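Just so we're clear, the structure is a prediction, and the values are computed from it rather than from any experiment. Both ligands and their constituent atoms are indexed starting at 1 by order of listing.
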Amino acid sequence: MSEVIHDDDVVTLARRALGKRDLVFVGLMGAGKSAIGKIAAQALDIPFVDSDHEIERVSRMTINELFAAYGEPEFRALETRVIERLLKTGPRVISTGGGAFINDNTRRVIRDMGALTVWINADLETLWARVSKRDNRPLLKTANPRETLANLMAARYPIYAEADIEVMSRDAKKEVILREVLEAVAAHAVPASIQEADHAG
Ligand SMILES: Nc1ncnc2c1ncn2[C@@H]1O[C@H](COP(=O)(O)OP(=O)(O)OP(=O)(O)O)[C@@H](O)[C@H]1O
Ligand SMILES: O=C(O)C1=C[C@@H](O)[C@@H](O)[C@H](O)C1
Ligand SMILES: [Mg+2]
């Protein structure tokens, strides 16, 4: 999209293109799904929710505690249910946990509900610089977490790449990444068939 478009115009175009769809951020830990999702929701003026936070709220446990008490498969099942409920009660901007879109059931739910998906991509240096500051990611509690992150990139990037939109996170202001997201959303208008069905209903 042209650089001469004014910020307000990008927001208007993105809102119009999104229609009543949810905007769902996917990507690896530390990519910036929560950070960018939150400011995208503010810009679009629709509610924001982070699925990790919602899971912690309903379970009254931290992600670390859930993994330790019930294991990853139970966490994934809960994650699917929580995301499905959020999608049924939207529209919203939803920032998902790093593994959500990788899970076949969750990915199917996100697709079937017609959400527009954004992969926040990032290289290993960027991710590592961000995630190494905190120890709230159970999958990185390994002997060599940097290598684990690299392995997750190799396994998951082909699946994140199925998202409708890809934006590269990097050492740039969040507002710069946001603008790229909004421009990409503006270019992904709701298919006419869905718009018509919406008006008919
Ligand atoms: N463009 C950016 N520039 C600088 N810092 C950023 C940028 N995007 C995100 N961050 C910072 O990087 C850290 C990780 O971002 P965030 O929590 O949004 O990642 P996430 O993708 O939601 O990760 P997780 O899957 O673990 O929830 C945060 O401290 C956030 O403020
Ligand atoms: O990448 C992952 O599989 C995860 C990412 C986090 O957002 C949390 O959902 C949890 O730590 C698992
Ligand atoms: Mg997050």
Side-chain angles (χ1 to χ4, degrees), residues 23-43 48-59 61-84 86 92-107 109-110 117-142 145-161 163 165-184:
L23 187 63
V24 174
F25 285 85
V26 306
L28 212 48
M29 298 170 257
K33 304 177 295 294
S34 302
I36 304 302
K38 196 171 178 181
I39 57 175
Q42 284 165 0
F48 170 74
V49 66
D50 184 291
S51 69
D52 280 340
H53 291 168
E54 184 64 8
I55 288 166
E56 291 186 332
R57 191 183 71 78
V58 298
S59 67
M61 294 170 83
T62 65
I63 303 285
N64 268 336
E65 287 167 349
L66 283 165
F67 267 74
Y70 303 115
E72 185 171 351
E74 274 300 312
F75 173 81
R76 295 298 171 205
L78 175 61
E79 186 173 51
T80 307
R81 290 199 299 277
V82 165
I83 290 175
E84 184 167 23
L86 293 173
R92 291 190 179 85
V93 173
I94 305 174
S95 291
T96 61
F101 199 64
I102 304 305
N103 180 274
D104 290 343
N105 292 332
T106 308
R107 196 167 64 257
V109 161
I110 292 170
T117 47
V118 184
W119 174 26
I120 303 289
N121 189 357
D123 62 23
L124 182 59
E125 295 313 314
T126 305
L127 296 174
W128 180 245
R130 293 178 187 166
V131 301
S132 54
K133 289 182 188 151
R134 295 183 64 186
D135 69 347
N136 60 338
R137 279 125 174 154
L139 292 184
L140 297 182
K141 291 183 192 297
T142 61
R146 196 177 193 279
E147 191 180 272
T148 304
L149 195 56
N151 291 340
L152 283 171
M153 285 176 73
R156 291 179 170 186
Y157 276 20
I159 301 175
Y160 293 138
I165 291 168
E166 176 188 343
V167 170
M168 198 72 192
S169 185
R170 53 197 185 271
D171 194 11
K173 285 195 163 150
K174 291 172 192 169
E175 290 70 24
V176 173
I177 313 294
L178 170 66
R179 190 187 161 88
E180 291 179 13
V181 168
L182 294 176
E183 285 175 353

Near [X], which atoms of ligand 1 are under 4.0 Å from a heavy atom of that residue?
| X | result |
| --- | --- |
| A172 | 1 (N), 2 (C), 3 (N) |
| K174 | 1 (N), 2 (C), 5 (N), 6 (C), 7 (C), 10 (N), 31 (O) |
| D52 | 27 (O) |
| A35 | 9 (C), 18 (O) |
| G98 | 25 (O) |

Min heavy-atom dist S95 to ligand 1 below 4.0 Å: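 No.
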Take every heavy atom of L28, measure it against each atom of ligand 1, and state whether any distance is under 4.0 Å.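 Heavy atoms of L28 do come under 4.0 Å of ligand 1.
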Do [X] and ligand 1 have an N or O pair less than 3.5 Å apart?
| X | answer |
| --- | --- |
| G32 | yes |
| I177 | no |
| D50 | no |
| G27 | no |
| S169 | no |
| G97 | no |

Between [X] and [Y], is any pair of side-chain heavy atoms under 4.5 Å apart?
| X | Y | result |
| --- | --- | --- |
| E72 | L139 | yes |
| V167 | I177 | yes |
| S59 | L66 | yes |
| N136 | T62 | no |
| M29 | L127 | no |
| L28 | Y157 | yes |
| V118 | K33 | no |
| N121 | Y160 | no |

Which segment of R137 sits under 4.0 Å of ligand 1 when only heavy atoms are counted: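 Looking at R137 and ligand 1, just side chain atoms fall under 4.0 Å.
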Contacts of the Mg ion (ligand 3) with protein N/O/S atoms, counting only those under 2.8 Å: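 Near the Mg ion (ligand 3), the protein supplies S34 OG.
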Can a donor-acceptor pair be found, under 3.5 Å and without considering hydrogens, that links the side chain of [X] to the backbone of [Y]?
| X | Y | answer |
| --- | --- | --- |
| K141 | D135 | yes |
| S95 | F25 | no |
| R170 | T126 | no |
| R156 | G98 | yes |
| R92 | L86 | yes |
| T106 | I102 | no |
| S51 | G97 | yes |
| E166 | A161 | no |

Compare every heavy atom of N64 with every heavy atom of P138, then report the nearest pair and how far apart it is.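 That would be CD-OD1, 3.3 Å.
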Under-4.0 Å heavy-atom contact between protein and atom 28 (C) of ligand 1: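 No, because not a single protein heavy atom sits under 4.0 Å from atom 28 (C) of ligand 1.
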Short check: is a protein heavy atom less than 4.0 Å from atom 18 (O) of ligand 1?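 There is a protein heavy atom less than 4.0 Å from atom 18 (O) of ligand 1.
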Side chains of R137 and T148: do they bring a donor and an acceptor to under 3.5 Å?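 Note: R137 and T148 side chains miss the donor-acceptor criterion.
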So which heavy atom in the protein is nearest atom 23 (O) of ligand 1, and how far is it from that ligand atom?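 In this structure, atom 23 (O) of ligand 1 has G30 N, 2.9 Å as its nearest protein heavy atom.
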Atom 25 (O) of ligand 1: the protein heavy-atom neighbour that sits closest, reported with distance to 0.1 Å: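 Protein heavy atom at minimum distance: K33 NZ, 2.6 Å.
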Could you name the option among K38, R130, K173 that has the heavy atom nearest to atom 4 (C) of ligand 1?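 Heavy atom nearest to atom 4 (C) of ligand 1 belongs to R130.
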Only heavy atoms count here, so choose which of S34, A129, A31 is nearest to atom 22 (O) of ligand 1.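 Nearest heavy atom to atom 22 (O) of ligand 1 lies in S34.
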Close residues, ligand 2: non-hydrogen atom nearer than 4.0 Å: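 Contacting ligand 2 under 4.0 Å are M29, D52, I63, F75, R76, G97, G98, G99, P138, L139, R156.
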Using the side chain to side chain contact (heavy atoms under 4.5 Å, CB included) definition, which of the options V176, L182, L178 pairs with E180?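 Exactly one candidate clears the test, V176.
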